[in-house]
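To start, I am sharing the structure in question, which I have written as structure tokens.
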Amino acid sequence: MRDIKTKYRKSILGVFWTILNPLFMMVVLSVVFSNLFKFDIEYFPVYLLSGQLIFNFYNEATTSAMGAIIDNGPLIKKIYVPKYVFVLSRIFSSSINLLASFTALIFVMLAMRVELHYTVLLVPIPLFFIVFFSLGVGILLAAITVKFRDIMHLYSVFVTALMYLTPVIYPMSILPEWLEKIVLLNPITNILMMFRDVMMNNTVPSVSSILLAAVEVVVVMAAGLYVFYKRQDTFILDI
């Protein structure tokens with residue numbers, strides 16, 4: 001609650017910006033890219049907004065989680081609190097924004113008369129994967145950043161590069177074969193494709209896609225928890 005209130009403090013529209021922001025960006029990017037590149041994608045605004053929803057959540061959740069320990073340093077030094085709680089709170093507050101963006105996506109689909117199929121009921125699957133994948137990355141970043149502050153500056157460059165390696169704006173069909181293979185190595189790509197399948201394509205996620213996402217989440221979570229618990233006793237010294 002503190003994170004959410006701080007973000008929208010003294011804002012007239014408050015939390016409504018969580019819905020308006022993705023809508024405004026969708027309008028701008030749709031006008032630019034649909035006319036500039038002539039993407040042959042039916043309901044391109046929905047395609048674009050669905051990509052923004054997944055990638056923007058990852059970006060917001062991991063970026064905010066990265067500074068969770070540093071920002072709460074004074075509290076950590078005063079009393080004992082399980083340190084992972086601060087990372088969880090950042091991911092949880094970003095998840096609320098994710099649900100708001102999902103609401104905006106539903107509004108756009110209804111406004112454009114995009115048919116909602118029964119597969120929409122499976123949307124918790126890709127959302128579950130992106131939340132826990134982001135949690136694993138966030139825990140890892142939070143632990144490392146306490147010691148190496150330069151990561152806070154380098155990560156923004158990494159996320160920018162990662163965005164271009166995720167089919168948020170463009171369709172996979174325009175990529176040459178060699179570049180398509182690189183984009184498919186991006187774990188977010190698989191989750192995003194699952195999300196679009198259930199929301200737009202009336203397609204049930206394949207077993208291979210689900211297993212791949214599960215393995216990626218488990219690996220990232222295991223790595224994040226290992227590093228976090230190995231370093232948490234030194235946080236007070238490094239904050």
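The residues of the chain are indexed from 1 along the displayed sequence.
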Any pair with a residue in residues 63-76 that passes salt bridge (charged side-chain N to carboxylate O under 4.0 Å, His left out), sequence neighbours left out, goes on the list, sorted by first then second residue, please.
->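 Of all non-adjacent pairs touching residues 63-76, those that pass salt bridge (charged side-chain N to carboxylate O under 4.0 Å, His left out) are D71-R90.
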
Contacts of type ring pair (Phe, Tyr, Trp, His ring centres under 6.0 Å), residue F57, not counting sequence neighbours |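 F57 satisfies ring pair (Phe, Tyr, Trp, His ring centres under 6.0 Å) with no residue once adjacent residues are dropped.
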
Do M199 and S50 come within less than 4.5 Å of each other through their side chains, counting heavy atoms only?
->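 Of all side-chain heavy-atom pairs linking S50 with M199, none is under 4.5 Å.
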
Under a 4.5 Å side-chain heavy-atom rule over Ile, Leu, Val, Met, Phe, Trp and Tyr, are I70 and I79 clustered together?
->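 I70 and I79: one cluster.
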
Give me the other members of the hydrophobic cluster that V215 sits in, counting Ile, Leu, Val, Met, Phe, Trp and Tyr linked by side-chain heavy atoms under 4.5 Å, directly or via other members.
->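 V219, listed by chain and number.
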
For K230, salt bridge (Lys or Arg N to Asp or Glu O under 4.0 Å) partners two or more places apart =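 Per chain and number, K230 pairs via salt bridge (Lys or Arg N to Asp or Glu O under 4.0 Å) with no residue.
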
With sequence neighbours excluded, what pairs up with L140 under the side chain to side chain contact (heavy atoms under 4.5 Å, CB included) test?
->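 Listed in chain order: I144, V227.
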
For T63, which residues count as a side chain to side chain contact (heavy atoms under 4.5 Å, CB included) partner, sequence neighbours excluded?
->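 Applying side chain to side chain contact (heavy atoms under 4.5 Å, CB included) to T63 gives N59, M66, Y155.
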
Euclidean distance, M112 CE relative to F107 CZ, rounded to 0.5 Å |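 Taking CZ in F107 and CE in M112, the distance rounds to 16.0 Å.
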
Anything under 30° is parallel, anything over 60° is perpendicular, the rest tilted; go ahead and classify F128 against F132.
->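 Aromatic pair F128/F132 classed tilted.
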
Is M200 atom CE crowded by more than 12 heavy atoms from other residues, nucleotides or ligands, each under 6.0 Å away?
->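 More than 12 heavy atoms, drawn from other residues, nucleotides or ligands, come within 6.0 Å of this atom.
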
L211: which other cluster members, linking ILVMFWY side chains closer than 4.5 Å, directly or transitively?
->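 Its cluster partners, ordered by chain and number, are V207.
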
Side-chain contact, heavy-atom cut-off 4.5 Å: I169 with Y164?
->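 Side chain of I169 against side chain of Y164, heavy atoms only: no contact under 4.5 Å found.
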
Transitive ILVMFWY side-chain link Y47 to V120, under 4.5 Å |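 Hydrophobic grouping puts Y47 with V120.
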
Taking the side chain as every heavy atom from C-beta outward, state whether S94 and S134 have any pair of such atoms under 4.5 Å apart.
->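 They are not in contact (no side-chain heavy atoms under 4.5 Å apart), so the answer is no.
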
Separation of L184 CG from L175 CG (nearest 0.5 Å) |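 Result: 8.5 Å between the selected atoms.
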
Salt bridge (charged side-chain N to carboxylate O under 4.0 Å, His left out) contacts in which one or both residues fall within residues 181-205, not counting sequence neighbours =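 Listed by first then second residue: E177-K181.
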
Flag, side chain of S206 to backbone of S209, donor-acceptor distance under 3.5 Å |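 Between the backbone of S209 and the side chain of S206 there is a qualifying donor-acceptor contact (under 3.5 Å).
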
Taking only residues two or more places apart in sequence or in another chain, which ones pass side chain to side chain contact (heavy atoms under 4.5 Å, CB included) with L162?
->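 Per chain and number, L162 pairs via side chain to side chain contact (heavy atoms under 4.5 Å, CB included) with F55, Y58, F158, T166, N186, I188.
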
Compare all side-chain heavy atoms of F129 with those of N190 and state whether any distance is below 4.5 angstrom.
->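 SC-SC contact between F129 and N190 ruled out.
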
Do V168 and V159 belong together in a cluster built from hydrophobic side chains that touch within less than 4.5 Å?
->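 Yes: a chain of side-chain contacts under 4.5 Å links V168 to V159.
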
To the nearest 0.5 Å, how far apart are CZ in F195 and CD1 in I130?
->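 Result: 10.5 Å between the selected atoms.
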
L116 side, atom CG; L121 side, atom CG - distance, nearest 0.5 Å =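 If I round to the nearest 0.5 Å, the distance is 10.0 Å.
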
To the nearest 0.5 angstrom, please state how far the CD1 atom of I69 sits from the NZ atom of K147.
->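 If we round to the nearest 0.5 Å, I69:CD1 and K147:NZ are 15.5 Å apart.
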
L141 and T62, any side-chain heavy atoms less than 4.5 Å apart |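 Side-chain contact under 4.5 Å: yes.
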
Tell me, please, which residues at least two apart from L88 pass side chain to side chain contact (heavy atoms under 4.5 Å, CB included).
->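 In terms of side chain to side chain contact (heavy atoms under 4.5 Å, CB included), with neighbours along the sequence ignored, L88 is linked to Y84, L135.
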
According to the salt bridge (charged side-chain N to carboxylate O under 4.0 Å, His left out) rule, which pairs have a member within residues 44-55, sequence neighbours left out?
->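 Applying salt bridge (charged side-chain N to carboxylate O under 4.0 Å, His left out) to every pair that reaches into residues 44-55, excluding sequence neighbours, yields nothing.
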
With E115, which residues qualify under salt bridge (Lys or Arg N to Asp or Glu O under 4.0 Å), at least two apart?
->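 Counting only residues at least two positions away or on another chain, E115 forms no salt bridge (Lys or Arg N to Asp or Glu O under 4.0 Å).
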
Enter the distance from K83:NZ to R231:CZ here, rounded to the nearest 0.5 Å.
->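 It is 13.0 Å, given to the nearest 0.5 Å.
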
